[in-house]
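These numbers were taken from a predicted model, which means no experiment stands behind them. To find a chain, count down the sequence lines: A is the first, B the second, and so on, and within it residues start at 1. Only heavy atoms go into these numbers, but all of them, side chains included; no hydrogens, no water, no symmetry mates.
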Amino acid sequence: MIPSISQPASLRWTYRAYILLFYIFLIAPLAVVATFAFNDSLFPSLPWNGFTLDWFTSDTPQRLGVFSDSAMLESVGVSAFIAFWVTALSIFVATTNAFLFERYDFRFKEFLYMLMLLPLVIPGVILGISILISSNSMANYMDEVFNLEVEFLRPGLVLVILGQFAFITTIATMVIGARLRKMDRSLEEAAYNLGATKTSVLRTITLPYLRPAMIGAGIVAFLMSFENFNTTLMLTSSDSPLTITMFDRLREGSTPELNAVSLLLMIVSGVLALISVFVQKKEDS
Amino acid sequence: MKQHTSIFFWLLLAPFALWLILLVIIPHIDMLGIALREQTAPREYAFSFKNFIEFFTEPLYWRTFMRTAVMSILATALTLLIAFPVSYYIAKMLRGRSKSFLFLLCLIPFWVSELVRTYGWMILLRETGVISNALQWAGLVSGPVELLYNDAAIMVGLVYTSMLFMVVPLVTVLESLDDDIIEASYDLGGNMWTTMRQIVIPHAMPGIVSGCIIVFMMTLGNYLTPNLLGGKDSLWFTEQIYTQFITRFNWELGSAFGILLLLLSSLIVWLGLKLSRQTLTSTMT
């Protein structure tokens with residue numbers, strides 16, 4: 001079944017209809033979330049009562065729009081703060097990991113590479129609880145032995161950042177490592193022949209070559225952190241990030257304000273996704 | 001020079017080792033330690049298998065465990081069945097622009113937070129939702145129908161969430177299949193079914209296996225989708241873990257559950273790799 005082999009028309013059309021259905025299935029949930037953000041009703045459901053921007057801009061207790069909902073805005077800030085640190089940490093460690101695995105040969109390299117992939121295989125909830133247990137026992141130890149209360153080892157922002165960093169680093173390492181593997185080593189050798197030092201080669205040749213992959217991995221890391229739920233749920237405390245706030249609201253019974261937040265999220269991640277696709281296109285050419 | 005290299009090597013090894021040991025290895029060892037202990041007096045613990053025994057003697061626990069496993073396998077199989085024709089269409093039936101467009105369209109929903117996607121399904125499926133209203137409008141049902149909070153809703157959500165992780169490896173592996181081979185099969189008298197069974201599927205096996213492994217692991221560890229789409233009776237194992245940790249504060253039992261979930265996930269992944277003669281590293285990259 002390829003274009004060059006003729007098939008009965010009925011079969012071809014059935015196949016096309018199936019593909020169309022598949023894409024409707026893919027788009028439908030996102031389309032309804034976006035549409036109901038503009039419904040002039042207290043509930044994100046039918047009937048359609050006309051178009052409104054209230055769920056973005058309104059500021060009454062009954063209809064609280066996103067831009068007036070300080071709790072929601074605060075959690076966006078918390079998420080951005082977390083995502084910034086997760087991105088910075090994971091890109092740094094991922095870059096060193098990429099050099100380690102692509103440029104050096106050492107004993108147990110394959111075994112260590114497999115260990116490096118491990119965080120992807122561990123369910124997010126379990127990664128979360130294991131870090132919770134470890135940091136808690138360390139905090140208890142500090143308390144008992146040194147009589148010190150180490151605040152950041154209890155559930156909160158630092159633990160959320162560490163928990164997300166634990167698995168996002170693996171993904172970033174794979175992206176940056178793949179780019180480093182494709183690099184033409186003769187570029188570096190040429191620079192060495194011309195008398196460049198190791199640091200200047202790194203600064204002027206290797207890192208600029210890696211930059212598209214680092215930007216791409218950075219975008220992915222930021223988005224994954226911003227949208228993470230499973231690991232965050234286990235490690236968060238009173239400063240809840242956006243996904244946790246939305247989850248709590250969703251269980252209380254949602255208003256179209258949630259749709260408005262979701263639509264804004266979709267737009268931001270869509271733009272970031274386009275940027276990363278664009279960066280990758282440039283990387284290939 | 002030799003000395004120089006080894007300093008760089010240790011500098012690169014340090015962040016890797018710190019990240020992996022502190023955030024992945026020690027936490028899991030701690031988790032195992034807690035799972036294998038029992039409180040004998042306040043602040044006194046002893047080694048014991050009590051938590052694991054409790055798991056096997058309390059029907060709710062192991063039934064939830066088995067249910068999660070079976071439903072994850074089912075969700076994986078369904079995802080494969082739905083994704084395969086789509087991936088084949090993208091990889092073999094299309095060329096150029098329309099191909100990259102449809103492929104990108106497949107990826108877009110997955111840049112959006114899982115929470116937003118699930119919320120979309122809630123709006124579609126609930127009693128006052130879009131599908132219920134459409135069915136009433138079409139005269140197929142007389143009153144509102146609740147499509148949410150049952151196993152089918154969980155299944156739809158899980159399949160939707162996993163789709164990308166099946167489509168990408170399948171498209172990649174199918175693209176590497178040469179059209180000439182399919183033509184040769186037809187020339188030798190094969191029809192569509194024999195070509196599929198004897199040429200395309202054997203060739204696609206590595207992609208099928210890696211897609212299935214990733215989807216299975218993600219489904220097993222999912223918390224958000226079963227929780228929101230399944231309601232109170234969703235009985236997903238990660239919810240048990242959450243309950244033990246956060247609600248009941250029984251970390252010993254929760255850790256034992258975590259270990260069991262990890263064992264199940266590793267066992268199935270190992271079986272999948274053994275049956276297809278692949279390694280974890282080749283599956284992930």
- Message: Whether the side chain of Y18(A) engages the backbone of I82(B) through a donor-acceptor N/O pair (distance < 3.5 Å, no angle test) should be reported.
- Response: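 Looks like yes, one N/O pair under 3.5 Å.
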
Could you tell me which of [options] has the largest number of non-hydrogen atom pairs under 4.5 Å with chain B?
{"options": "V33(A), L100(A), L89(A)", "value": "L100(A)"}
{"options": "G270(A), A31(A), A273(A), A34(A)", "value": "A273(A)"}
{"options": "L272(A), L233(A), V268(A), V261(A)", "value": "L233(A)"}
{"options": "F226(A), F229(A), F106(A)", "value": "F229(A)"}
{"options": "L258(A), T173(A), I27(A), T95(A)", "value": "L258(A)"}

Kindly compute the distance separating [atom1] ([X]) from [atom2] ([Y]), expressed to the nearest 0.5 Å.
{"X": "S113(B)", "Y": "M246(A)", "atom1": "OG", "atom2": "CE", "value": "6.5 Å"}
{"X": "N230(A)", "Y": "N222(B)", "atom1": "CG", "atom2": "CG", "value": "6.0 Å"}
{"X": "L13(B)", "Y": "L112(A)", "atom1": "CG", "atom2": "CG", "value": "7.5 Å"}
{"X": "R117(B)", "Y": "E227(A)", "atom1": "CZ", "atom2": "CD", "value": "7.5 Å"}
{"X": "L250(A)", "Y": "L115(B)", "atom1": "CG", "atom2": "CG", "value": "6.0 Å"}
{"X": "L23(B)", "Y": "L127(A)", "atom1": "CG", "atom2": "CG", "value": "8.0 Å"}

Please state whether the side chain, the backbone, both or neither of [X] comes within less than 4.5 Å of a heavy atom of chain B.
{"X": "T170(A)", "answer": "both"}
{"X": "I131(A)", "answer": "both"}
{"X": "S137(A)", "answer": "side chain"}
{"X": "N228(A)", "answer": "neither"}
{"X": "M138(A)", "answer": "neither"}
{"X": "L132(A)", "answer": "both"}
{"X": "A28(A)", "answer": "both"}
{"X": "L162(A)", "answer": "both"}
{"X": "R251(A)", "answer": "side chain"}
{"X": "I19(A)", "answer": "side chain"}
{"X": "F247(A)", "answer": "both"}

- In sequence, state the C-alpha distance, the side-chain angles, and the governing distance for W111(B) and V271(A), and then conclude on side-chain contact (heavy atoms from CB on, under 4.5 Å). CA-CA 10 Å; W111(B) 285 90; V271(A) 169; over 6 Å; no

Determine the minimum heavy-atom distance between [X] and [Y], stating which atoms define it.
{"X": "I126(A)", "Y": "G258(B)", "result": "CD1-O, 3.3 Å"}
{"X": "P15(B)", "Y": "T96(A)", "result": "CG-OG1, 3.5 Å"}
{"X": "L30(A)", "Y": "Y160(B)", "result": "CG-OH, 4.0 Å"}
{"X": "P123(A)", "Y": "G221(B)", "result": "CB-CA, 3.7 Å"}
{"X": "V121(A)", "Y": "S265(B)", "result": "O-OG, 4.2 Å"}
{"X": "P27(B)", "Y": "S130(A)", "result": "CB-O, 3.3 Å"}

- Item | Results of salt bridge (Lys or Arg N to Asp or Glu O under 4.0 Å) for R249(A) - residues two or more places apart only |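 Counting only residues at least two positions away or on another chain, R249(A) forms a salt bridge (Lys or Arg N to Asp or Glu O under 4.0 Å) with D69(A), E257(A).
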
Can you tell me which portion of [X] sits under 4.5 Å from chain A's heavy atoms? Options are side chain, backbone, both or neither.
{"X": "V112(B)", "value": "both"}
{"X": "I34(B)", "value": "side chain"}
{"X": "L18(B)", "value": "neither"}
{"X": "L107(B)", "value": "neither"}
{"X": "F245(B)", "value": "side chain"}
{"X": "I90(B)", "value": "side chain"}
{"X": "F257(B)", "value": "neither"}
{"X": "M163(B)", "value": "side chain"}
{"X": "W251(B)", "value": "side chain"}

- Assess whether ring-ring contact (aromatic ring centres under 6.0 Å, His included) is satisfied between F101(A) and F16(B), documenting all intermediate values. CA-CA 10 Å; F101(A) 284 106; F16(B) 169 75; 5.3 Å; yes

- Query: So does Y23(A) have more than 12 non-hydrogen atoms from other groups sitting under 6.0 Å from OH?
  - Reply: yes

- Message: Would you say OH of Y45(B) has more than 12 non-hydrogen atoms from neighbouring residues, nucleotides or ligands within 6.0 angstrom?
- Response: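 Buried by this count: over 12 neighbours within 6.0 Å.
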
- Which residue pairs satisfy the side-chain hydrogen bond (donor to acceptor under 3.5 Å, both in side chains) criterion with at least one member in residues 15-32 of chain B, sequence neighbours excluded?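 Those involving residues 15-32 of chain B are S134(A)-D30(B).
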
- pair F9(B)-R103(A): side-chain heavy atoms closer than 4.5 Å: no

- Task: Could you check if a side-chain atom of Y223(B) sits within less than 4.5 angstrom of a side-chain atom of T231(A), using non-hydrogen atoms only?
- Result: no

- Message: Test side-chain contact (heavy atoms from CB on, under 4.5 Å) on I129(A) and Y242(B); report intermediate values, then the result.
- Response: CA-CA 9 Å; I129(A) 57 169; Y242(B) 180 83; over 6 Å; no

- Task: Verify the ring-centre separation between F8(B) and F99(A): is it less than 6.0 angstrom?
- Result: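 Between F99(A) and F8(B), the centre distance exceeds or equals 6.0 Å.
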
- Task: Assess whether side-chain contact (heavy atoms from CB on, under 4.5 Å) is satisfied between F167(A) and V24(B), documenting all intermediate values.
- Result: CA-CA 9 Å; F167(A) 76 94; V24(B) 182; over 6 Å; no

- Is there a side-chain contact (heavy atoms from CB on, under 4.5 Å) between F36(A) and V130(B) once you walk through the steps? CA-CA 11 Å; F36(A) 283 111; V130(B) 176; 3.7 Å; yes

